[in-house]
Amino acid sequence: MSGTTGSDLQLAIVGSGIAGCAAADFARQQFTNIEIDVFEQQSRIGGRIRETAFASDTFETGATAFHDESRYMMKYVDRFNLELANPVKPRQKPTNAPMMGLSFGIWDGQRFLAKMSGALRDRLTILRKYGLSFPRLWWQSRRVFKQFNSLYDVLEAGGSFKSPDEMLARVDLYDTAQQSAMEHLREHAVSQACIHQVLDPISRTLYGQDARMSAVVDLYMFKAIASNSWYSIRERNSLLLDHLLDAASATIHMETKITAIDANTGSYTLTAAEPPTEYGPYDAVIIATPLEKTDIELNGGAPPVSSDREYQSMYINLVNGVLDPTYFELGAQDDLPDAISTTTDVDESFTSIVTLVRENGGTNIYHVTATSIVPNDLFLEVFSSIEDIERFSWEAYPVYEPPLLWPPFQLDHGIYYTNAMESAISSMETEVMGSRNVVNLLSRRLREG
Ligand SMILES: Cc1cc2nc3c(=O)[nH]c(=O)nc-3n(C[C@H](O)[C@H](O)[C@H](O)COP(=O)(O)OP(=O)(O)OC[C@H]3O[C@@H](n4cnc5c(N)ncnc54)[C@H](O)[C@@H]3O)c2cc1C
């Protein structure tokens, strides 16, 4: 190996989001004598995991929640002794209860079409309204979820995949991934009403998209959300990343934007701008950020990445105020559901409004999502009073309308790419799966020479 410091393996990781931090940790566990450098262009760790101080509290304004069947996330929680919290009303309930019993309302701009909660009465209403379509939707989402999760055993046994489509083919989900959820569900006799009124609003809330999304992403997330057991990490989700980097004993180069990776016979050097600095040589490099959203030149070896995925913009708004029940044709605050998701009929405005904290000294705290900037006028219509608003925008996740593009997990002999995984599903848990896969690929290359 090319190491100059006595280590057998020199590894560079570009990006300190969950994919980069998990890759550092997996690499530390996998290889005995390794040195790991992590490069992060910003002045904070976390990437799309980000917390924000607002109204004398702290809220997640990027990735918020994971479900209790997220095998890696739940293992990290145990391993680092992290405290779980209900992502909704986190400060109100000082328990480690998940997001159970949340009431959900589907709003079409005129009225609430459906209400969903764990209550038997609501379940019976849904069954009456959508007949067998609802159990069929549930059954399809369960199948996708189960098949996708069978990847854990392959990855934990050291198995690796060259690209996400190979991964999906292995668990018999390739064809489903290349079909939209709408097409897939129609083939399985799910009614258009059920797709439009139940699945679309959930897809809009989670991904700012609708049932034209790939059936794998949409149905996996539907099953996850319907399981109703969601958590955040109490203090902040990014605390997990601090633990992963500590466990990896990685050297972290903050505010260091990598602009080029050069291949020189068997090793790699990285160039950072401002001030121009060269790092390396490294035996391997893991790129842990979407290449579409950064401008890293790959010189001398790595072919250009054959992917130009479009990313979905998401606008997150924290509002300290009071939602107006009359806007929703309701009489009182208590009639409002905890979470309001909208159908595609409500195109111009918001995709969801979730009440995070009730009665924060007379006002509530809401998390409002949209796929475009929410105009002030709309806020004034929907809320009867507003104390404060904080706005964030993200290039959040790929647009999942098939046909999907599948960048490879390995770009060159020694350059790996965790964010190829986002073509299958983008979430904290699945990014960790992508990291496990690239560390397995690296391990296999070192074994096989
Ligand atoms: C608004 C929003 C809500 C979401 N909600 C959820 C949710 O509730 N649950 C869930 O599981 N997932 C959610 N997600 C998805 C989840 O956030 C992502 O899938 C995941 O965090 C991506 O992690 P990553 O490490 O792959 O990439 P990123 O988090 O994007 O990390 C990439 C890092 O690389 C750095 N970087 C980029 N270029 C360079 C360079 N040239 N040099 C050095 N550093 C560089 C970036 O600054 C960044 O820190 C949400 C995403 C968004 C935006």
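All values below were derived from every heavy atom in this structure, side-chain atoms included, with hydrogens, water molecules and symmetry-related copies excluded. Numbering of ligands and ligand atoms starts at 1, following listing order. This is a predicted model, so every value here is computed, not measured.
- For the ligand labelled ligand 1, residue Phe66 lies outside the 4.0 Å heavy-atom shell.
- Below 4.0 Å from some heavy atom of Ile296 lie the following atoms of ligand 1, by number and element: 41 (N).
- Short contacts between ligand 1 and Thr64, defined as distances under 4.0 Å to a heavy atom of the residue, involve ligand atoms 5 (N), 6 (C), 7 (C), 8 (O).
- Near Phe39, meaning under 4.0 Å from any of its heavy atoms, are these atoms of ligand 1: 43 (C), 44 (N).
- The Gln42 neighbourhood of ligand 1 comprises atoms 47 (O), with distances under 4.0 Å to a heavy atom of that residue.
- Counting heavy atoms of neighbouring residues, nucleotides and ligands inside a 6.0 Å radius, atom CZ of Arg212 does not exceed 12 of them.
- Ion pairing of Glu429 with Arg71 is absent here, as no side-chain N (NZ or NE/NH1/NH2) approaches a carboxylate O to less than 4.0 Å.
- Checked by atom type, the side-chain pair Ser313/Glu395 shows a donor-acceptor distance below 3.5 Å.
- Residue contacts with ligand 1: Gln41 is placed with a nitrogen or oxygen under 3.5 Å of a nitrogen or oxygen of the ligand (distance criterion only).
- Among Thr259, Ile258, Val38, Ile49, the residue whose heavy atom lies nearest to atom 41 (N) of ligand 1 is Ile258.
- Between Glu422 and Arg48, at least one side-chain N (NZ, or NE/NH1/NH2) sits under 4.0 Å from a carboxylate O, which counts as a salt bridge.
- In terms of protein heavy-atom proximity, atom 37 (C) of ligand 1 is closest to Thr289 OG1, 3.1 Å.
- The nearest protein atom to atom 3 (C) of ligand 1, hydrogens excluded, is given as Gly62 O, 3.3 Å; this is a heavy-atom distance.
- At under 3.5 Å, a nitrogen or oxygen of Asn419, whether backbone or side chain, sits near a nitrogen or oxygen of ligand 1.
- Ligand 1 has Glu431 within reach: a non-hydrogen atom of the residue lies less than 4.0 Å from it.
- Between Ala65 and ligand 1, at least one pair of N/O atoms sits closer than 3.5 Å.
- At a 4.0 Å cut-off, not a single heavy atom of Thr418 sits close enough to ligand 1 to count as contact.
- The protein heavy atom nearest to atom 51 (C) of ligand 1 is Tyr397 CE2, 3.6 Å.
- Looking from atom 34 (O) of ligand 1 to the surrounding protein, the closest heavy atom is Gly15 CA, 3.1 Å.
- For the residue pair Asp345 / His196, a side-chain donor-acceptor distance below 3.5 Å is found, with atom types taken as modelled.
- Using a cutoff of 4.0 Å between basic side-chain nitrogens and carboxylate oxygens, Asp172 and Arg143 are not scored as salt-bridged.
- For atom 19 (O) of ligand 1, the closest heavy atom belonging to the protein is Ser426 OG, 2.8 Å.
- Counting the atoms of ligand 1 from 1 in the order shown, those under 4.0 Å from a heavy atom of Thr294 are 38 (N), 39 (C), 40 (C), 41 (N).
- Less than 4.0 angstrom separates some heavy atom of Ile316 from each of these atoms of ligand 1: 1 (C).
- When hydrogens are left out, the protein atom nearest atom 1 (C) of ligand 1 is Trp394 CD1, 3.5 Å; that is the closest non-hydrogen contact.
- Side-chain atoms of Arg309 and Ser423 form a donor-acceptor pair, as typed in the model, at a separation below 3.5 Å.
- The protein atom (non-hydrogen) at minimum distance from atom 35 (C) of ligand 1 is Glu40 OE1, 3.4 Å.
- More than 12 heavy atoms of other residues, nucleotides or ligands lie within 6.0 Å of CD in Glu156, so this atom counts as buried by the packing criterion.
- Nearest protein heavy-atom neighbour of atom 23 (O) of ligand 1: Ile18 CG2, 3.7 Å.
- Those atoms of ligand 1 with a heavy atom of Ala396 less than 4.0 angstrom away are 53 (C).
- With a heavy-atom cut-off of 4.0 Å, Thr256 touches ligand 1 through its backbone alone.
- Screening Leu411, Ile258, Thr418 for a side chain to side chain contact (heavy atoms under 4.5 Å, CB included) involving Ile287 leaves a single residue, Leu411.
- For the residue pair Thr351 and Thr369, a side-chain donor N or O sits within less than 3.5 Å of a side-chain acceptor on the partner.
- Contact between Gly46 and ligand 1 is present, with at least one heavy atom of the residue lying under 4.0 Å from the ligand.
- Comment: Arg28 does not engage Asp246 in a salt bridge, judged by the lack of any side-chain N to carboxylate O separation of less than 4.0 angstrom.
- With Arg48, Arg44, Met428 as candidates, the residue nearest to atom 10 (C) of ligand 1 on a non-hydrogen basis is Met428.
- Residue Ala63 holds the heavy atom nearest to atom 17 (O) of ligand 1 of all those in Ser313, Ala19, Ser43, Ala63.
- Considering only heavy atoms from C-beta on, Tyr400 stays 4.5 Å or farther from Gln312 through its side chain.
- Residue contacts with ligand 1 for Ala288 involve N, CA, C or O but no side-chain atom from C-beta outward (heavy atoms, distance under 4.0 Å).
- Residues Phe26 and Tyr72 place their aromatic rings such that the two centres sit under 6.0 Å apart.
- Each of the following atoms of ligand 1 lies closer than 4.0 Å to a heavy atom of Gly47: 29 (O), 31 (O), 48 (C), 49 (O).
- For Glu297, the CD atom is loosely surrounded, since the number of other residues' heavy atoms within 6.0 Å does not exceed 12.
- With salt bridges taken as basic N to acidic carboxylate O contacts below 4.0 Å, one links Arg358 and Asp338.
- Partner of Ser238 under the side chain to side chain donor-acceptor pair (under 3.5 Å) criterion, out of Glu51, Arg50, His243: Glu51 alone.
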